Amino acid sequence: MPHMPPSAEDWNRDRTRFTADAEKAAASGRAPARDHGAPLGPLAQQFATLTYSLLDATTAGEVLRQVVDAAVRVVPGADVVSVTLRSRDGKFHTPVETDPIAIELDQLQYDLLEGPCLDAADPAGPAVAVAPDLSTARSWPRFGPAAAERGMGAVLSTALLPDAQAPRLSGALNIYSRERHGLDQTDQAVALLLATHASLALSHTEAVDAATLHAAQLRRAIDSRDVIGQAKGILMARRGLTSDEAFDLLRRSSQDLNVKLVQLAEIIASRHTELDLPGLTDPTAP
Amino acid sequence: MQQVFECRTASGRAELGQALCAACVRMLPDVDAAALVFYGDSQTRELVGASDPWAAGIEEAQYTLGEGPGVEAVAAGGPVLVPDLTADGVRWPVFAASGQAGDLAAAFVFPLQVGAILLGTLALYRRRPGALPAEFVVEAAVLADLVSQVLLAQNEQMGGEEQVRMETSYQDVNMATGMLAAQLRISLEEALLRLRAHAFAADRSILDVARDVLVRRLPLDQLAD
């Protein structure tokens, strides 16, 4: 079948279907389960899932974690993935990685002051830095062979926040393959898409280094625990439950409603005087 | 400083909090006790650890009364050094006069801060008045940073479910706040205020009152307007 560019009519129909799906998904809190016209390929589905989970992520650390986890799944040649962040003082960190070897590989570059992570994380550097074969990488004469000795064949670093103005945060999404020439044009294209997602999510955060990312997560955990405690108390009062029963009810309901436990607790805590969630509230309560 | 890192071998979160406080007392001469507290949004707290029950009681008193050097350190985002609490009683009249703080004479509180994010306080307490020598002020500030890093690392090691499921020292206050809010159909802020007011009037700690609410020992009309 010859490839035909979509007509304006096709385009509008597709857009209508897509909007309807998105609205339905937003109302149910689920990622769109139905494709809109054409079946979604596995890659598109991964991106749809990633986009929804990024909307859900509350800290920059969560965003980065989801991006590296997605990258190792959807970039065909990826064996190991990490993120380099360059803080305002010019220091480099690896806040998330899919394999401990990545910390070693990234640190090697920070110590040698050469490598694709550094080039891509440099706001004045290239958007993409690639070594198709690390053992013969001319651009990084010390890092290339050292990475090859550690079992790596190829590397691809894509800039995060490439529009960052110094001294703003910048960084790189690093994808390592154990195969020499294991990363090609497709991998580069997918990496660029992922890096764009990560950059958008990161542009809303002021977090500049791993410690701040972790601190934001700890703050979030503290507030979550407090609000879950309050929600438990509300359920205990309304249903005459024990503390453990209240937590089990919260957890079961969060699964049934497909809402995060903390979000459910927040809803109960903030709107308990007006809210009657089915299955959650006591029908005999005043 | 090595002692702080050695605390990382402590099993469990409560043990870690206590070990960190004990290390601070050992490393800073002239300090009787130490306590670590996380400050949540909307006035909630968690006692991470205390070197002894006395220090834990001082933290409970501040939670009950809503004032004290720790509250001020969080509000100010910097250290609060009180060499003589009786002389400084005008800053926190209720706290100083409450008796819940026992024989506390001097308090030195340092924020647990990472970048722009404030997690809580490291408080050092002493039964005898007197300033903390300048070199120890610096050392205590560094200790607070180290302690923050250890607590961050510990949080990172926990899974998401474990992080939110964790029982905290003041969890009973959170649950009692929720119960009261549901029973009296008032906001959570209002419920916490009533718990505090009742505890203050009865000269008890907020934690004791919260436990009475949870076992339904405290008649609700005592907490109504």
Side-chain angles (χ1 to χ4, degrees), chain A residues 59 61-62 65 87-88 95-96 206-244 246-248 250-251 254 260-262 265-266 268-275 281-282 285-286, chain B residues 37-46 48 112-120 145 148-149 151-158 160-192 210 213-216 220:
Chain A
T59 67
E62 280 177 52
R65 161 64 46 205
S87 55
R88 286 194 176 90
V96 289
E206 281 297 301
V208 291
D209 57 29
T212 313
L213 295 179
H214 292 165
Q217 278 167 330
L218 177 52
R219 280 276 339 181
R220 176 80 184 147
I222 293 166
D223 289 332
S224 299
R225 290 196 282 264
D226 293 346
V227 80
I228 286 170
Q230 292 166 343
K232 271 161 70 176
I234 290 166
L235 294 177
M236 287 160 72
R238 282 201 172 184
R239 307 283 307 261
L241 301 177
T242 66
S243 143
D244 283 344
F247 188 85
D248 287 341
L250 266 179
R251 185 163 52 188
S254 93
K260 278 188 175 177
L261 193 135
V262 175
E266 278 164 354
I268 293 171
S270 64
R271 309 187 58 184
H272 69 96
T273 52
E274 48 187 286
L275 201 69
T281 50
D282 181 356
Chain B
V37 179
F38 284 153
Y39 279 66
D41 284 349
S42 62
Q43 307 276 331
T44 55
R45 314 249 173 101
E46 279 181 28
V48 183
L112 300 173
Q113 187 141 12
V114 180
I117 297 173
L118 199 147
L119 301 167
D145 283 347
S148 304
Q149 296 304 325
L151 292 172
L152 285 188
Q154 201 222 13
N155 187 62
E156 283 303 298
Q157 283 165 9
M158 285 193 286
E161 163 95 351
E162 200 186 345
Q163 282 176 2
V164 298
R165 172 103 222 214
M166 193 169 69
E167 289 295 318
T168 66
S169 45
Y170 296 154
Q171 190 73 331
D172 288 349
V173 176
N174 293 327
M175 287 194 292
T177 302
M179 276 187 87
L180 211 55
Q183 283 162 342
L184 300 177
R185 298 189 84 80
I186 54 178
S187 72
L188 291 158
E189 292 75 17
E190 176 69 26
L192 181 58
V213 169
L214 288 182
V215 297
R216 295 153 168 104
L220 278 181

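Chain identifiers are assigned alphabetically (A, B, ...) following the order of the sequence lines, protein sequences preceding nucleic acid strands; residue numbering begins at 1 within each chain. Quick caveat: nothing in here was measured; it's all calculated off a predicted structure.
Of all heavy-atom pairs between Arg216(B) and Leu241(A), the closest is NH2-O, 4.5 Å. Here the closest heavy-atom approach between residue Asn155(B) and residue Ala221(A) is recorded as OD1-CB, 4.0 Å. Leu152(B) and Leu218(A) get closest at one heavy-atom pair: CD2-CD2, 3.7 Å. Looking at every heavy atom in both residues, Leu214(B) comes nearest to Met236(A) through CD2-CE, 4.0 Å. Ala182(B) approaches Arg238(A) most closely through the heavy-atom pair CB-CG, 4.3 Å. Shown here for Ala215(A) and Val114(B), the closest heavy-atom pair between the two residues is CB-CB, 3.7 Å.
With a 4.5 angstrom heavy-atom cutoff, Ala176(B) does not touch chain A via any of its atoms. Proximity to chain B is limited to the side chain of Asp223(A), based on heavy atoms less than 4.5 angstrom apart. Residue Ala231(A): no heavy atom, backbone or side chain, is found under 4.5 Å from chain B.
Distance check, rounded to the nearest 0.5 Å: CD1 of Ile222(A) to CG of Leu151(B) gives 9.0 Å. Taking OG1 of Thr44(B) as the reference point, atom CD of Gln230(A) lies at 6.5 Å (rounded to 0.5 Å). Note: Arg225(A) CZ to Tyr170(B) OH = 14.0 Å, rounded to the nearest 0.5 Å. Between the NE2 atom of His214(A) and the CD atom of Gln149(B) there is a distance of 10.0 Å, given to the nearest 0.5 Å. Here the CE atom belonging to Met179(B) is positioned 11.0 Å from the CG atom belonging to Leu235(A), to the nearest 0.5 angstrom. Here the CE-CD1 distance, from Met175(B) to Ile228(A), works out to 12.0 Å after rounding to the nearest 0.5 Å.
Heavy-atom pairs under 4.5 Å with chain A peak, among Val213(B), Leu118(B), Leu192(B), Leu112(B), at Leu118(B). In terms of heavy-atom pairs under 4.5 Å with chain A, the best-connected choice from Glu46(B), Arg45(B), Gln183(B) is Glu46(B).
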task: Take Arg219(A) and Asp41(B), measure what salt bridge (Lys or Arg N to Asp or Glu O under 4.0 Å) needs, and give me the verdict at the end.
output: CA-CA 9 Å; Arg219(A) 280 276 339 181; Asp41(B) 284 349; 2.9 Å; yes
